[in-house]
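Naming convention: chains lettered A, B, ... in sequence-line order (proteins, then strands); numbering from 1 in each chain. Excluded from the calculations below are hydrogen atoms, water molecules and symmetry mates; all remaining heavy atoms, backbone and side chain alike, are included.
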Amino acid sequence: MSRENGSGEADGAGGGTPVPEQLALIRDSVRKAEVPRAKPRTWRGAALAKSLPVARVLVDKGVLHLDRYFDYAVPEELDEQAQPGVRVRVRFGAGARNVRGGRREGGGLIDGFLVERVAESDYSGPLAALAQVVSPEPVLDGELLGLARAVADRYAGSLADVLQLAVPPRHARAEARETGEVPPPPAAPDAGSWRRYGHGAEFLGALASGGSPRAVWTALPGPEWAEEIARAVQATLASGRGALVVVPAGRPAARVDAALTQLLGPGQHALLTADAGQERRYREWLSVRRGAVRAVVGTRAAMFAPVRNLGLVAVWDDGDASHSDDNAPFPHVREVLELRASRDKCGFLLGSWSCTVEAAQLVESGWAAPLVADREQVRGTAPLVRTVGDVDLARDEAARVARLPTLAWNVVREGLKHGPVLVQVPRRGYVPRLACERCREPARCRHCAGPLEARDGGGLWCGWCGVEEGAWHCGECGGFRLRAQVVGARRTAEELGRAFPAVPVRTSGREQVLDTVPGSPALVVSTPGAEPVAEGGYAAALLLDGWAMLGRPDLRAGEDALRRWIGASALVRAQGAGGTVVVVAEPTLRPVQALVRWDPVGHAVRELSERAELGFPPVSRMASVAGTPEALSAFLAGAELPGDAVVLGPVPVPDAGGAPGAARRGGGAPAGERWERVLVRVPPGSGAALAASLKAAQAARMARGAGEPVRIRVDPLDIG
DNA sequence: AGCACGCCGACT
DNA sequence: GTCGGCGTGCTC
């Protein structure tokens, strides 16, 4: 039944009046048509595009078993507009099939991307025609498609889900606007403050001459980092290539934005942040796609920005949780930029005042080179860090009366003579940690050792197993009075304000984030991450959230605490200029020691080797799978995990309806439902196989129409 | 998610 | 025989 040239024939079923046997024959041949045809048939035999009449379309449905292309016929009138990369609408669904007897144009219109035009389809049935080309603007080129594909594979997600993150929603007005001319490349920059780093000038030189260096950069404390990133961008532009910078939030984006404007002048770069409206977002994105702007700074969605001829990708502060996307498949900026650097053979710069374990691994594996300053430079820019631990507190009579250690009082008093003093307090919304008032041992559940929490109506219960505690007493010292550490820190900050009535108190937190404060004496109370930059630097800082940070039962608790402390301390003047930091935390703890020595890299390297020993990520790869107990066990039964995979759990998942601060992004269960979670761990090298097997299992489940979903997250942020 | 197909039991 | 239950599988 070869149909080499049977083109004019519309679908046969509608034809004359065949006898029953013929009908059966036709039906049969339609059902299991064996031969791919040279030219597509459509139901109506409408006129088709003369060349490449088949459009391969990615249907925009995030369902995994639909994670493939569908072929559609290109009608002649859409031939010109139906170019690869454009948005299209197509009919999709069972109702659209050519049903015996009559044709029905059932099936809803849904959006998709035209991925390519080809001469023939390998689909054996009749093709439906493209319904509409939404816009002739090509938004999805091969590069972005390849990246999205790689990200989907890495995170066991669907291509459509990734594209939803990567391509902003269309805005017709923004599309209609003309985009400006491509600016000429700037001159190569002076190395500036990059000279403070061992191979800093060399790194810039490599970028400027078209090279693709990869570096993990441990930035010196102080505000220069933004300008240093801008110089790296300038160097890349000077080589005739584009550059992309991703930062965790709007404020750092504004800093880099300002530095770029200063260095390159206006109009040379785009700012892509989530808080811009749809029109503005799409306009900026389009100016990048169209090649009119070659440098981009933005927050995490910008990680996919379609920068032309990419020469550098950079991420600032990769330990910030905002770099992990909230939406499936939860890609992380650092990982996506790694993929881009590898795929596009471009430069890579990961910068932070602190150092994540993952960053340390990039260096240790040899994938990236360290970009660090020597100890001399560090000592010259970092503040003096002093600790107040339990022993000091116990000995300190003043601390028990005034709730604040003598050392802290003295440092604040002295600091206020010379400038603003920063007081870092834990975020509200953290489940208040309860501890023994006498010995400060955290209050733990008798049954599962989980953290005890105070109920609104009074009384205690376990945050893990939910068991009520009626008669708590301290297992260490026998004390029976509790204190809430978060509340304690906040009250301490208030008391400080009262103790220095002549000094203004400014607050920066979730509701209202201050960007900068003047260099005059003031108490600046801030939650981690919201610290304003002080003009001329803070004279001192008091870090009060030590216990709250380190008490979390999380693999990253130490790294996170150090990162937040360093984030605050980096805003304090250098030791030589009198800058002092007091951290209220046990001086024997590793993150505290790392802060005192200002050695985030050493901390990360030690954590890394420990993780390797324990088989924890990022040395192994982990994925979490969560769902109702039934859904989860069905999923695991159907999954063909790699042979070297280890399944840990299941354990109950705390539901997301609890305290807002404790709700983990993408990790909590929907309120009201009981969920469980397993962690699946594979050794290095099996990450791709793990992702593939999870994706296959998920696809099989969805195809079966299984009701209850399971949530898959590769590289979960929190590992209890 | 729809929606049609098809293979079973109860009906005019 | 034929109508219609819902279980299964496909959607270009």
- request: For a salt bridge (charged side-chain N to carboxylate O under 4.0 Å, His left out) with A:E335, tell me which candidate from A:R300, A:R621, A:R154, A:R340 qualifies.
  value: A:R154
Distance, rounded to the nearest Å, where [X] contributes [atom1] and [N] contributes [atom2]:
| X | N | atom1 | atom2 | answer |
| --- | --- | --- | --- | --- |
| A:I110 | C:dT11 | CD1 | P | 13 Å |
| A:R701 | C:dT8 | CZ | P | 15 Å |
| A:R91 | B:dA4 | CZ | P | 14 Å |
| A:L109 | B:dA1 | CG | P | 20 Å |
| A:D71 | C:dT11 | CG | P | 12 Å |
| A:Y123 | C:dT11 | OH | P | 4 Å |
| A:L127 | C:dT11 | CG | P | 12 Å |
| A:D67 | C:dT11 | CG | P | 16 Å |

query: Taking the six-membered ring of A:Y69, is the NZ or CZ of A:R56 close enough (under 6.0 Å from the centre) and on axis enough (within 45°)?
result: no
message: For C:dC12, is there a stacking contact with A:F70, counting only centres under 5.5 Å and planes under 30°?
response: no
task: Inspect the contact between A:E279 and A:R177 and indicate whether a charged nitrogen and a carboxylate oxygen are less than 4.0 angstrom apart.
output: no
- prompt: If we only count heavy atoms from C-beta on, is the A:C346 to A:V313 side-chain gap below 4.5 Å?
  reply: yes
